[in-house]
Number of protein chains: 2
Amino acid sequence: MDLEKLSDSLCFGGRQQRWRHRSATLGCEMSFSVYLPPQAEAGAPLPVLYWLSGLTCTDENFVQKAGAQRTAAQLGLILVCPDTSPRGAEVARAPDGEWDLGLSAGFYLNASEAPWASHYRMHDYVADELPSLIEAHFPASDRRAISGHSMGGHGALVTALRRPGRYRSVSAFAPICHPCDCPWGQKAFRHYLGDDESRWQAWDASVLIGQAQERLPLLIDQGEADAFLASQLRPEALVAAASAAGYPLTLRRHPGYDHSYFFIASLIDEHLHHHAKALGRLAS
Amino acid sequence: MDLEKLSDSLCFGGRQQRWRHRSATLGCEMSFSVYLPPQAEAGAPLPVLYWLSGLTCTDENFVQKAGAQRTAAQLGLILVCPDTSPRGAEVARAPDGEWDLGLSAGFYLNASEAPWASHYRMHDYVADELPSLIEAHFPASDRRAISGHSMGGHGALVTALRRPGRYRSVSAFAPICHPCDCPWGQKAFRHYLGDDESRWQAWDASVLIGQAQERLPLLIDQGEADAFLASQLRPEALVAAASAAGYPLTLRRHPGYDHSYFFIASLIDEHLHHHAKALGRLAS
């Protein structure tokens, strides 16, 4: 597997890098970003937090806007940020002007319907191909955690719930909690998974949490001034499902915070500590 | 003076805002960004750090990439980020593809030559009009500090040196230290100020520091892996001039750091503390 380094900058004593590779799962070239904390220089494998970004993002938004490197450097966590969809001229796309389907809107699932099924397999990419690549080419252990924002919060929750044993902890900022029952999710699922709504449930955190085979440390932060809260995000659906299933969920509501990266930056350190405890980098 | 609020997000308990106004100095509409720390809610005036960005930037780069709000919230500092040039259809611009002249490349000076002189008066805007506006419309005192990056580092140094009494402290990341003797500076000065090189000296920090009427706390950080270090930035010229003038200058060279915002983010907290001491927000 060829890896091409696109950029490499010193950041808080560690390395902020961007790489490109050919993804066999997605059938296209993909970019991803990696932050290697200073402890990575010693060569012993470090745990990895995978971050999944939201609609319209790439692998770079979190890297540039969240300010996570400072605390990742203190805790000795590797941060890995994949892109939000397959990319390239060969990849199906939505009509111009639609930003909630197709490019930058892969929803971290495996599509079954044409024209999406041939490339849109972000679940397998995020859960399997990318960790294999990271653990083979970087000083990364198989201690994994996963987090994300909005569509990427949905992705973090669903990926962790679908793949017991692969992650030690999960968190999300303003996740789409019940995509079967919100406009963004319904549109994406209809295109990617077809009209049979029973097949959507395998990609909905508020359904999956009721069938969960493990209990991971789970932290969600939600701003109360988030313009998408009532219409798209629906955290109350996840809270009800988690409660019914006896799944411990810490969901914190923050007055005044909106859906932006200013909200994420304000609270990212607490998520990093949440994951560091589960990953063995802090006393729990 | 009409101020139009473009955005407003809670960030580390304070407000990250973006505003638009009609600048009389520049003869165009301008955007600027303001971070109001949580202490601003009490209404008592707080000191202000003015941040000047580099080539190709706007008022938003620092806001999104530097991660300065966390520590500004702790220290009670207001952060104000102007744009890097006049803007709009009426403003002269360089030919397509030139990014080191014209839009986003105002060099924080007052141009004397056509077609630039009618709008390119960023020095007067940054040193006079913008602080007057900030101090009239926000809970901001006249305790001011100034900092910046690259072209904006040049701007911070020159603005402070030209205007004794207006700032309590100055700092810069990877500033253009001697624009009379580097390609970026020579190109800009020739267009904005004309062919008479004797007129350039009034906008060159390595000249002005020899004539300085006050001694401000002055901190400069420079990465040694910065691709522009030898050709454009020339800190050794400023060090020599400061030494000859007996101006105390702390210039720190950091192995491995490049010209990017990852370098700025890694060290911004130390600059905020440098300014907070001079502004009376920390014991000095």
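All values below come from the heavy atoms of this structure, side chains included, with hydrogens, waters and symmetry mates left out. Residue numbers start from 1 in every chain, and the chains themselves are labelled A, B, ... in the order their sequence lines are given, proteins ahead of strands.
Ranked by heavy-atom pairs shorter than 4.5 Å toward chain A, the options B/A66, B/G67, B/C11, B/G13 are led by B/C11.
The shortest side-chain heavy-atom distance between A/L251 and A/L219 does not fall under the 4.5 Å cut-off. Two residues are said to be in side-chain contact when any heavy atoms from C-beta on lie closer than 4.5 Å; B/I220 and B/L238 meet this criterion.
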If you check both backbone and side chains, which donor-acceptor pairs between chain A and chain B fall under 3.5 Å?
from: A/S9; atom 1: OG; to: B/D258; atom 2: OD2; distance (Å): 2.5
from: A/F12; atom 1: N; to: B/Y257; atom 2: OH; distance (Å): 3.4
from: A/F12; atom 1: N; to: B/S266; atom 2: OG; distance (Å): 2.7
from: A/G13; atom 1: N; to: B/Y257; atom 2: OH; distance (Å): 2.9
from: A/Y257; atom 1: OH; to: B/F12; atom 2: N; distance (Å): 3.4
from: A/Y257; atom 1: OH; to: B/G13; atom 2: N; distance (Å): 2.9
from: A/D258; atom 1: OD2; to: B/S9; atom 2: OG; distance (Å): 2.5
from: A/S266; atom 1: OG; to: B/F12; atom 2: N; distance (Å): 2.7

Do A/I78 and A/L49 pass the side chain to side chain contact (heavy atoms under 4.5 Å, CB included) test, and can you show the C-alpha distance, the side-chain angles, and the key distance before you say yes or no?
-> CA-CA 6 Å; A/I78 294 175; A/L49 173 61; over 6 Å; no

Take B/L218 and B/L157, measure what side chain to side chain contact (heavy atoms under 4.5 Å, CB included) needs, and give me the verdict at the end.
-> CA-CA 9 Å; B/L218 170 53; B/L157 296 171; 3.5 Å; yes

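The nearest pair of heavy atoms linking A/A156 to A/L52 is N-CD1, 3.5 Å. Taking both residues in full, the closest heavy atoms of B/C177 and B/P179 are given as C-CD, 3.6 Å, listed atom of the first, atom of the second, then distance.
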